[in-house]
Amino acid sequence: MPTTKKRINITLDPETERVINVLAKRKKQSKSAIVASLTREALELQEDIALAKIAEERMKCHDGRWLKHEEVWGK
């Protein structure tokens with residue numbers, strides 16, 4: 001039965017391929033599952049970095065007044 005997931009081809013340097021192989025054996029998963037998991041993790045980290053930059057910019061514009069949790073969300 002064909003897969004419904006999209007496929008991509010990548011070229012890895014020998015050291016990266018070796019590490020992927022080791023992780024796949026250690027976790028008893030396929031190499032593609034390992035790469036997919038690492039890709040999701042990297043995307044989440046990139047998102048966190050982008051959101052942190054937005055937060056830093058907002059902190060620079062702060063006017064000095066902070067709201068308490070209860071003022072914003074209630075009890």
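No hydrogens, no waters, no symmetry mates; every other heavy atom, side chains included, goes into these values.
Using a cutoff of 4.0 Å between basic side-chain nitrogens and carboxylate oxygens, Glu56 and Lys53 are not scored as salt-bridged. Using a 4.0 Å cut-off between charged nitrogen and carboxylate oxygen, Lys60 and Glu57 count as a salt-bridge pair.
Atom NZ of Lys5 is separated from atom CZ of Arg7 by 9.5 Å, given to the nearest 0.5 angstrom. For the atom pair CZ of Arg18 and CG of Asn21, the computed distance is 9.0 Å after rounding to the nearest 0.5 Å. From Lys6, atom NZ reaches atom CD1 of Ile8 across 12.5 Å, with rounding to the nearest 0.5 Å. Note: Ile34 CD1 to Arg26 CZ = 9.5 Å, rounded to the nearest 0.5 Å. Considering CD1 of Ile20 and CD of Gln29, their distance stands at 11.0 Å, rounded to 0.5 Å. Note that OG1 of Thr16 and CD1 of Ile10 are 9.0 Å apart. Values are rounded to the nearest 0.5 Å.
Side-chain atoms of Thr39 come within 3.5 Å of backbone N or O of Val35 as a donor-acceptor pair.
By the 6.0 Å contact criterion, CD on Glu70 is enclosed, its count of non-hydrogen atoms from other residues, nucleotides or ligands being greater than 12.
Put simply, Ile49 and Leu43 are part of two different groups of oily side chains (I, L, V, M, F, W, Y) that touch within less than 4.5 Å, one to the next. Clustering ILVMFWY residues whenever any of their side-chain heavy atoms sit less than 4.5 angstrom apart, transitively, puts Val22 in a cluster other than the one holding Val19.
Scanning both residues, Glu71 and Trp66, for their nearest heavy atoms gives OE1-O, 4.3 Å.
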